[in-house]
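Right, one structure below, let's go through it.
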Amino acid sequence: MKSRLAPKKLSFEQGGSFISETRLEVELYLASRRTRAWGRAQLYAKTFVAFALLAVSWATLIFVRPGVALGLVALAGAALGAILVGFCVQHDANHGAYFRSRRFNHLMGWSSDSLLGFSSYAWRVKHNVAHHTYTNVEGYDDDINQAPFIRLTPTTQPRWWYRLQHIYIWPLYCLMVLRWQTGADIAALIRGRIANSRMHPPKRWDLAGLIGGKLVFVTWAIAVPLLVYPWWVVLAGYVAFTMATSLVTATTFQLAHCVEEADFATPEGVAASGKPWAVHEVESTVDFCPRNPVLTWMLGGLNYQIEHHLFPRVPHTHYPRIAQIVRRNAAKYGVRYTAQPSLLRALRSHHRHLRALGRQGVPVEIEMG
Ligand SMILES: [Zn+2]
């Protein structure tokens with residue numbers, strides 16, 4: 001099988017009874033001012049916890065200069081704070097779900113530049129456009145475009161080393177955020193596109209935000225710690241912090257899209273099938289652990305990834321309730337809706353998907369005689 005070059009223009013069928021009815025019901029649910037206020041209050045409270053956890057952990061490391069045990073606890077606190085900022089603050093804000101105003105959303109979305117080290121400007125193209133519009137579509141969704149390191153989609157050309165991808169993928173996941181912070185942001189700026197989605201050169205405030213964000217991040221995460229600790233302690237701490245945030249982020253996204261139950265598509269398949277966009281989103285996405293309140297809180301509702309893909313501009317704190325509506329209408333209109341009941345089941349499905357794709361296309365010896 002050969003990886004094809006995707007055509008430039010790709011559009012899905014819009015509308016359909018499933019999404020029309022679902023949207024009406026979700027609008028009815030959100031019509032209550034009290035419901036909306038409660039959702040935002042939960043979002044803002046979580047933001048406070050995320051910022052406070054990161055700030056207190058960092059201040060402990062810099063000003064208290066604790067011993068190894070407390071130092072590791074503070075580092076873990078910083079990593080958890082960063083994960084919360086990634087899932088529960090910047091993600092909602094960069095989707096426009098945090099405030100009504102676009103400007104304020106971009107300002108809060110800048111938390112990814114300043115606190116996590118990757119560009120919110122590039123993220124909005126990579127995530128909002130390439131991933132959310134063309135989920136699991138070859139050549140368009142940058143998240144599944146990981147050749148020659150990993151084969152995540154059936155249309156990626158097989159290579160012998162993919163046979164071991166279910167093993168070596170885990171250390172690679174640990175490097176994901178480091179890649180975004182450095183090469184991926186710069187490569188996107190130079191190429192002017194992410195997958196097949198155009199990225200215009202940032203201007204004025206966007207450019208200032210990008211450069212200023214990198215400077216702020218490098219200052220608090222590397223420069224200030226170097227004033228307090230030897231370089232090898234800072235290096236080890238920074239690598240551990242980034243690897244922990246990377247692993248949790250990559251795994252969360254992969255469990256929602258790169259599993260046996262999720263559909264993958266080619267641009268030609270999308271054009272030929274005539275499947276409405278909303279149905280494609282539900283069938284290329286999987287929820288996991290919907291009844292786990294700790295994961296639901298920590299992952300910013302991204303274990304309800306189906307609901308997130310259908311309603312990315314609604315604060316994630318509403319997803320558990322919206323899931324009931326989506327699930328019911330999916331059953332009514334024959335749309336395949338999958339929710340893995342446990343983390344273990346979701347991880348196993350991801351593992352089997354990687355193994356199956358890693359083995360495809362490897363020559364099989366035929367014994368004559
Ligand atoms: Zn998203």
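We count ligands from 1, going down the list as the structure has it; atoms in each ligand are counted the same way. Everything numeric in this text was worked out from a predicted model, so none of it was measured. These values consider heavy atoms only, across backbone and side chains, with no hydrogens, waters or symmetry-generated copies.
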Across all chains, not counting sequence neighbours, the salt bridge (Lys or Arg N to Asp or Glu O under 4.0 Å) partners of R336 are D263

Would you say the ring centers of H131 and H309 fall short of 6.0 Å from each other? yes

Distance filter < 2.8 Å from the Zn ion (ligand 1), protein N/O/S hits 5

F118 and W180 aromatic ring geometry - parallel, tilted or perpendicular at 30°/60° bounds:
perpendicular

**Asked** How far apart are the C-alpha atoms of H308 and H316, what are their side-chain angles, what is the distance that settles it, and do they pass the ring pair (Phe, Tyr, Trp, His ring centres under 6.0 Å) test?
**Response** CA-CA 7 Å; H308 172 59; H316 72 260; 9.0 Å; no

In short, I62 meets P225 closest at the heavy-atom pair CD1-CA, 3.8 Å

Do Y98 and Y44 have ring centres separated by under 6.0 Å?
-> yes

